[in-house]
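See below for the structure under consideration.
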Amino acid sequence: MSDSIKYNLDESRLPRFWYNIAADLPTPAPPVLHPGTLAPVGPDDLAPLFPMSLILQEVAAEREIAIPEPVRDVYRQWRPSPLFRARRLERALDTPARIYYKWEGVSPAGSHKPNTAVPQAFYNREAGVTNISTETGAGQWGSSLAFAGALFGINVTVYMVRVSYDQKPYRRALMETYGARCVASPSMETASGRAVLERNANHPGSLGIAISEAVEVAAQRDDTKYALGSVLNHVLLHQTVIGIEAMEQMAMAGDDPDIVVGCTGGGSNFAGIAFPFLGAQLRGGRKRRIVAVEPAACPSLTRGRYAYDFGDTGHLTPLTKMHTLGSTFTPPGFHAGGLRYHGMAPLVSHLKELGLIEARAYQQLAVFEAGVQFARAEGILPAPEANHAVRAVIDEALECKKQGTSRVILFNLCGHGHFDMQAYIDYFAGKLKDLAYEESELAMALAGLPSVPA
Ligand SMILES: *Cc1c(COP(=O)(O)O)cnc(C)c1O
């Protein structure tokens, strides 16, 4: 417990530093490669896309990275976020387990994503950048970056996956309220988008395609940089405020988690709660079970290959070694839009390979059942993504009951589902189905992985 003191919280219990797990890894994660030369990329290769301060965080080796004061000023609006014990859920489950959750839905955009959107916008403004392009699936990331752009006076363009653009007008309206421009992807604005539309004028879009569009625009324009809401090291770094706060809050509650759980799309909210605990373990502290939970219809950690792959469909990004379903894999249209990405954060993938974390996958009906049970006990309506973590937590708590053992379970309740009510409507109407991807499509996407000699 004394370990969290190293993180140096201020008088209002807000962390002064982000925690960089790279400093404590037993072996470093494999390097990011240039897709043409297959040589490790250097900071200059990434300079067209990101400001240098973020590139340096991407490759940083020091354990603690100071959070700039202007970022802490914004964080103070909702941080430290509350940590609750789910006593009513415990009673409903009749479990001896003690369940705690860190509640990230209190941010203005309603999820953990502003934890990184705010510093990304700040560092871009410091570098004189006036425009940022990005992608969004369900709209959580787009609205978070739109919020941060409004705070720091940056024009934000969001390429939003077409199906979500059509199905989730409220998230789009929120982005526009914050002042962002929202474009349905694939669009006619980029060569990547036009290439997809030429083949299929009604293409529903995917995160991989939207990333290609946003990257293309940033690479071509001097006044524009790119921002990503998950996957990258610096994004995971910014999210560690969650776990740093949680370590201290758990100590204040006089408890210590045996199991730490988070859902995984690109891996950032999971890393945010898990890495500070894992770091304490890697520095000789106690061992905990760390569980990543993903959708069975887009199972990169449990079914993907650990291999070098592109981050986008148009193959404009560098190659990263990660658990991947293949960059051309298009997952079926299940409701947790934030978890529909073909790859997993390289750091999370590396930890999985090292056996330091567990992973499991669930179908969406079981996931929504858990979310509804949580809402009826605790009053908070989780995002469909968060329901994956809730499912795993309830299963662990029921296992405790079966075994007659008590465990302390902590999970990241990464966002609210107030913009996702159609998914709940469909669930109650019996219209939600468990969806499977085509094994042949997965095989094809994996066959298309770039060949990188070991
Ligand atoms: C985006 C999002 C996710 C998935 O992204 P990660 O980077 O894996 O956290 C999960 N939950 C919510 C609420 C999201 O908005």
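In this text, all values refer to a predicted model and were calculated from it rather than measured experimentally. Numbers here simply count residues along the sequence, with the first being 1. Note that ligands are numbered from 1 as they come in the structure, with each ligand's atoms numbered from 1 the same way.
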For this session: Please determine if Gly229 has a nitrogen or oxygen closer than 3.5 Å to a nitrogen or oxygen of ligand 1.
Result: no
Problem set entry | Quiz item: cation-pi between Arg171 and Phe419, 6.0 Å / 45° | yes
Problem set entry | ligand 1-proximal atoms of Leu339, by part, heavy-atom distance under 4.0 Å | side chain
Problem set entry | Atoms of ligand 1 close to Ser230 [distance to a heavy atom under 4.0 angstrom, numbered from 1] | 6 (P), 7 (O)
Problem set entry | Selection from Arg340, Glu104, His388, Lys113 by shortest heavy-atom distance to atom 3 (C) of ligand 1 | Lys113
Exercise. Can you say whether the rings of Tyr123 and Trp18 are parallel (under 30°), tilted (30 to 60°) or perpendicular (over 60°)?
Worked result: tilted
For this session: Measure from the ring center of Phe310 to the ring center of His315 and say whether it is less than 6.0 Å.
Result: yes
For this session: Look only at interatomic distance and state if Gly266 has a nitrogen or oxygen under 3.5 Å from any nitrogen or oxygen of ligand 1.
Result: yes
For this session: Could you tell me whether Ala383 and ligand 1 have an N or O pair separated by under 3.5 Å?
Result: no
For this session: May I ask whether His112 places a heavy atom under 4.0 Å from ligand 1?
Result: yes
Exercise. Hey, does Lys321 have a side-chain heavy atom less than 4.5 Å from the side chain of Ser349?
Worked result: no
Exercise. How about Tyr437 and Phe329: are their ring centres within less than 6.0 Å of each other?
Worked result: yes
Problem set entry | Test of ring centre spacing under 6.0 Å for Tyr306 and His350 | no
Exercise. Does any N or O atom in Glu385 lie less than 3.5 angstrom from one in ligand 1, N or O only?
Worked result: no
For this session: Check Ala23 against Glu62 and note the closest heavy-atom contact, atom names and distance.
Result: CB-C, 4.1 Å
Seminar exercise, completed: Within 4.0 Å of some non-hydrogen atom of Ser268, the atoms of ligand 1 are 6 (P), 7 (O), 8 (O), 9 (O)
Problem set entry | Nearest protein heavy atom with distance in Å, relative to atom 4 (C) of ligand 1 | Gly338 O, 3.2 Å
Exercise. Do we get Arg63 above Tyr19's six-membered ring, with its NZ or CZ under 6.0 Å from the centre and within 45° of the axis?
Worked result: no
Exercise. How does Thr264 reach ligand 1, if at all, at less than 4.0 Å between non-hydrogen atoms: by side chain, backbone, both, or neither?
Worked result: backbone
Problem set entry | Test of ring centre spacing under 6.0 Å for Phe374 and Tyr101 | yes
Exercise. Can you list the ligand 1 atoms lying under 4.0 Å from a non-hydrogen atom of Cys263?
Worked result: 10 (C)
Problem set entry | Enumerated ligand 1 atoms positioned under 4.0 Å from heavy atoms of Gln140 | 13 (C), 15 (O)
